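Structure first, commentary second.
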Amino acid sequence: MAKFISDKLENQDNKNPVDKNHAKELLLSSRNRIDEIDKNLIELIAERNFLSKNIIKSKILLDMEIFDENREKLIYKKIEKLAIENNLNTEMVFKIITILIDLNKSEQEKFLGEM
Ligand SMILES: O=C(O)C(=O)C[C@]1(C(=O)O)C=C[C@@H](O)C=C1
């Protein structure tokens, strides 16, 4: 049993097209799968973002700042481990996570401004 998704994908999905027709089919099916993945990613980003409302409401009651250095350090540590396990470029993945965290923080700021 493959331990990581990257190992599993390497065994199952690494196809070598043998002729032009096969190459065209493979390009099309890969692009279709990318479209599905992008849709899933957007839905997950929206869900992550939506949680900012619960977080800011809790932080107001708990008298906490929007920026939480320790939590962010922990997130980057976990993400680094996951990136390495999945053979992903850690620096690139960090950039994505930074954008997601910035998005969440700006949503929290927006909510605070509307109160
Ligand atoms: O966990 C929190 O306290 C959040 O506000 C969420 C979040 C994040 O996007 O993951 C955003 C800002 C904080 O600095 C840390 C983490």
Side-chain angles (χ1 to χ4, degrees):
M1 248 298 259
K3 195 171 170 214
F4 304 121
I5 186 84
S6 56
D7 298 334
K8 211 174 95 190
L9 293 174
E10 200 61 34
N11 293 334
Q12 290 179 3
D13 277 345
N14 194 2
K15 301 190 178 93
N16 298 311
V18 289
D19 55 41
K20 281 198 174 179
N21 274 342
H22 188 207
K24 276 183 200 167
E25 258 174 46
L26 188 59
L27 178 61
L28 197 68
S29 66
S30 299
R31 284 181 173 172
N32 285 341
R33 183 62 189 137
I34 280 184
D35 287 345
E36 279 175 13
I37 291 169
D38 288 348
K39 183 174 179 283
N40 290 340
L41 284 173
I42 295 295
E43 285 173 4
L44 287 171
I45 292 169
E47 187 183 347
R48 190 185 200 287
N49 233 25
F50 190 75
L51 292 170
S52 63
K53 288 192 178 59
N54 292 345
I55 290 176
I56 189 62
K57 284 184 258 178
S58 305
K59 284 185 172 177
I60 291 166
L61 271 174
L62 296 166
D63 202 18
M64 286 168 70
E65 298 288 323
I66 290 176
F67 174 57
D68 187 329
E69 194 180 358
N70 287 336
R71 173 66 183 152
E72 290 196 15
K73 276 186 184 156
L74 197 70
I75 290 173
Y76 283 105
K77 231 166 99 179
K78 286 183 192 193
I79 292 297
E80 185 180 23
K81 187 171 174 278
L82 288 170
I84 292 168
E85 285 172 359
N86 286 286
N87 295 321
L88 291 168
N89 179 313
T90 307
E91 291 307 311
M92 293 286 200
V93 175
F94 276 180
K95 280 187 191 171
I96 296 170
I97 290 297
T98 302
I99 292 170
L100 295 179
I101 292 176
D102 283 351
L103 205 59
N104 196 299
K105 284 192 278 206
S106 79
E107 278 298 307
Q108 292 187 51
E109 300 279 5
K110 202 175 116 202
F111 191 86
L112 208 56
E114 284 166 0
M115 288 186 69

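Atoms within each ligand, like the ligands themselves, are counted from 1 in listed order. As the structure is a computational prediction, the values presented were derived from the model and not from experiment.
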Do Ile96 and Ile79 come within less than 4.5 Å of each other through their side chains, counting heavy atoms only?
-> no
Examine ligand 1 and decide if any of its atoms is less than 4.0 Å from a heavy atom belonging to Gln108.
-> yes
Given Glu72, which of Lys78, Lys77, Lys105 fulfils the salt bridge (charged side-chain N to carboxylate O under 4.0 Å, His left out) condition?
-> Lys105
Taking only heavy atoms of Asn104, which atoms of ligand 1 are found under 4.0 Å from at least one of them?
-> 9 (O)
Rounded to the nearest 0.5 Å, the CD1 atom of Ile101 sits from the CG atom of Asn104 at a distance of 8.0 Å
What is the nearest protein non-hydrogen atom to atom 1 (O) of ligand 1, stated with its residue, atom name and distance?
-> Arg71 CG, 3.5 Å
Would a distance-only check, ignoring hydrogens and angles, find a side-chain to backbone donor-acceptor pair under 3.5 Å from Lys59 to Met64?
-> no
Give, for atom CD1 of Ile56 and atom CD1 of Ile66, the distance between the pair rounded to the nearest 0.5 Å.
-> 4.0 Å
Between Ile55 and ligand 1, which residue portion shows a heavy-atom distance shorter than 4.0 Å: side chain, backbone, both, or neither?
-> side chain
Using a strict cut-off of 4.0 Å, indicate which atoms of ligand 1 neighbour a heavy atom of Phe67.
-> 14 (O)
Is the closest heavy atom of Ile66 to ligand 1 under 4.0 Å?
-> yes
Have a look at Lys59, Lys105, Arg48 and point out the one with the heavy atom closest to atom 9 (O) of ligand 1.
-> Arg48
of all protein heavy atoms, closest to atom 15 (C) of ligand 1 is Glu72 CG, 3.6 Å
Could you give the distance from CD1 (Ile37) to CD1 (Ile42), rounded to the nearest 0.5 Å?
-> 13.0 Å
Is the closest protein non-hydrogen atom to atom 13 (C) of ligand 1 under 4.0 Å?
-> yes
Quick one: CD on Glu91 to CD on Glu80, what's the gap to the nearest 0.5 Å?
-> 8.5 Å
